[in-house]
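Input: a single structure, listed below in structure tokens.
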Amino acid sequence: MAARVTTEGWAIAKNRLDADEIHNARTLIAAHFQAGKGVLLNGARVQPAAAHFVPGLAWLYAHPQVVEVARAALGTRDITFTGHSDAHQGFTLGWHKDSGSDALGDPLCGYFGESPDALFQGPPDVVKVGIYLQESTSLNCLRVDPGSHLRPHLQPVRPTEVLMEAGDLVVFDVRITHAGAMAPYPDSPELDALRERISAFVTFGRGGERTRKFSQANMRRQRRQLGLSEEEAVMAVDGGHAALLASQDVIVWEEG
């Protein structure tokens, strides 16, 4: 897996969650959004720092299979939870990178503070694990541009559908160009199906300066989305995942 993520930028890990876990996670996330929680972002309901703020969901972000996949992708047991965790319901728009670039043609590497020439080379330092809680089809799947973690451009060269069964995990280098399920035209009959699309994401890095910079900048972004001030630490709201991760010898990044 480490070799594939290094060369292609992404990989699928099959059959990592069972049916009860999938049902439990879907139920908790759906109930959270039905209660009016989270924020509306690009057509989806999103809960930033979901490990902290979705009651009862901490176990998902510290799941042993999620941790195992992150370790396999990074090629080391010495990994750090960056503090980033999201829950999504609905669809999203546009090709982007999770390295801090947020507009087509923008090569900035905002979370890392490096030039594109420096950042977009070498094996991954930070990876995201995507947990899709239903079958992925051409309608609702993640799309990636293989190899794009080694180039700063956001225009996809080889767009590829990531088709998975519920219970599979996908892991990808945060530098890769990718897109969520694309919104159809406004009155499309596919809209209802897309609104039921539920997913969760959690990010880990290998020990080092890049992971520290990513963690600090990404948590700053999550604070803004949550409406918290710079002084209000997201980590102060502990859903229990930190202890679960520590029990697996995963370092948990702490603000400050």
Side-chain angles (χ1 to χ4, degrees), residues 1-26 29 44 50-51 57 59-77 79 81-82 84-92 94-99 122-151 156-182 193-194 196-206 248 250:
M1 184 175 287
R4 177 177 170 83
V5 175
T6 296
T7 56
E8 294 290 294
W10 69 286
I12 292 174
K14 301 292 291 182
N15 301 317
R16 299 304 178 108
L17 300 181
D18 65 33
D20 288 341
E21 290 170 331
I22 295 164
H23 175 75
N24 187 7
R26 280 189 62 89
I29 293 171
L57 196 62
W59 62 270
L60 183 64
Y61 300 100
H63 196 291
Q65 291 292 335
V66 171
V67 171
E68 178 183 318
V69 167
R71 282 176 161 149
L74 289 167
T76 179
R77 289 191 57 78
I79 65 171
F81 170 56
T82 67
H84 167 264
S85 59
D86 280 345
H88 293 205
Q89 182 169 16
F91 50 87
T92 57
W95 291 93
H96 64 284
K97 294 178 182 288
D98 291 338
S99 57
D125 284 293
V126 182
V127 296
K128 183 170 288 188
V129 180
I131 308 163
Y132 286 83
L133 298 168
Q134 60 279 309
E135 178 188 7
S136 294
T137 68
S138 292
L139 170 66
N140 67 6
C141 69
L142 173 72
R143 291 165 173 80
V144 298
D145 183 25
S148 60
H149 61 303
L150 301 178
R151 56 180 181 268
V157 173
R158 187 161 50 103
T160 301
E161 295 178 347
V162 180
L163 301 177
M164 301 185 295
E165 300 293 331
D168 296 346
L169 303 176
V170 59
V171 59
F172 54 93
D173 189 321
V174 296
R175 300 173 298 178
I176 200 171
T177 301
H178 61 285
M182 299 299 192
L194 282 173
E196 296 305 312
R197 176 183 185 266
I198 294 179
S199 54
F201 301 89
V202 58
T203 306
F204 298 90
R206 68 175 73 246
Q248 299 173 73
V250 177

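The model shown is predicted, which means the values in this text are computed figures rather than measured ones. As a basis for the values below, the full set of heavy atoms in this structure was taken, side chains included, without hydrogen atoms, waters or symmetry mates.
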### Task
Return each pair, listed once, that meets salt bridge (Lys or Arg N to Asp or Glu O under 4.0 Å) where at least one residue sits in residues 123-140; pairs must be two or more places apart or across chains.
D98-K128, D125-R206, D125-R210
### Message
Using side chain to side chain contact (heavy atoms under 4.5 Å, CB included), reason through H149 and K97 one step at a time and then give a plain yes or no.
### Response
CA-CA 8 Å; H149 61 303; K97 294 178 182 288; 5.8 Å; no
### Message
Just verifying a value: how many Å separate S199 OG and I131 CD1, rounded to the nearest 0.5 Å?
### Response
9.0 Å
### Query
Under a 4.5 Å cut-off applied to non-hydrogen side-chain atoms, are L60 and V202 in contact?
no
### Query
Is there a donor-acceptor pair under 3.5 Å between the side chain of D86 and the backbone N or O of A200?
no
### Task
Could you walk me through whether H84 and F201 pass the side chain to side chain contact (heavy atoms under 4.5 Å, CB included) test, one step at a time?
CA-CA 8 Å; H84 167 264; F201 301 89; 4.1 Å; yes
### Message
Check whether T160 reaches the backbone of R158 with its side chain - one donor and one acceptor, N or O, closer than 3.5 Å.
### Response
yes
### Message
Within this structure, what is the CZ-OH distance for the pair R26 and Y132, rounded to the nearest 0.5 Å?
### Response
13.5 Å
### Query
Quick one: do R16 and E21 make a salt bridge, cutoff under 4.0 Å?
no
### Query
Checking side chain to side chain contact (heavy atoms under 4.5 Å, CB included) against T177, which of S99, S148, P146 comes through?
S148
### Query
How many angstroms lie between CZ in R71 and CD1 in I79, if you round to the nearest 0.5 Å?
5.0 Å
## Note on the structure
In terms of heavy-atom contacts, P159 and D145 come closest through N-OD1, 4.0 Å
### Task
Using atom types as modelled and distance alone, determine if a side-chain donor or acceptor of R143 lies under 3.5 Å from a backbone N or O of E161.
no
### Query
Would a distance-only check, ignoring hydrogens and angles, find a side-chain to backbone donor-acceptor pair under 3.5 Å from T6 to P123?
no
### Query
Does the side chain of D18 reach to within under 4.5 Å of the side chain of Q65, using non-hydrogen atoms?
no
### Check: L150 and R175 side chains under 4.5 Å, non-hydrogen atoms
yes
### Derivation of the side chain to side chain contact (heavy atoms under 4.5 Å, CB included) call for H63 and Y61
CA-CA 6 Å; H63 196 291; Y61 300 100; over 6 Å; no
### Task
May I have the step-by-step check of side chain to side chain contact (heavy atoms under 4.5 Å, CB included) for V127 and T203, ending in yes or no?
CA-CA 6 Å; V127 296; T203 306; over 6 Å; no
### Query
Closest approach of I12 and M1, non-hydrogen atoms and distance?
O-CE, 4.2 Å
### Student check: side-chain heavy atoms of L142 and F172 closer than 4.5 Å
yes
### Message
Test your reading of the model: is there a side-chain donor-acceptor pair from E165 to the backbone of N15, 3.5 Å cut-off?
### Response
no
### Task
Compare every heavy atom of A73 with every heavy atom of V5, then report the nearest pair and how far apart it is.
CG2-CB, 4.0 Å
### Query
Within the side chain of H96, is there an N or O that forms a donor-acceptor pair under 3.5 Å with the backbone of G94?
yes
### Task
For L163 and T137, work out which heavy atoms get closest and say how close.
CD2-C, 3.7 Å
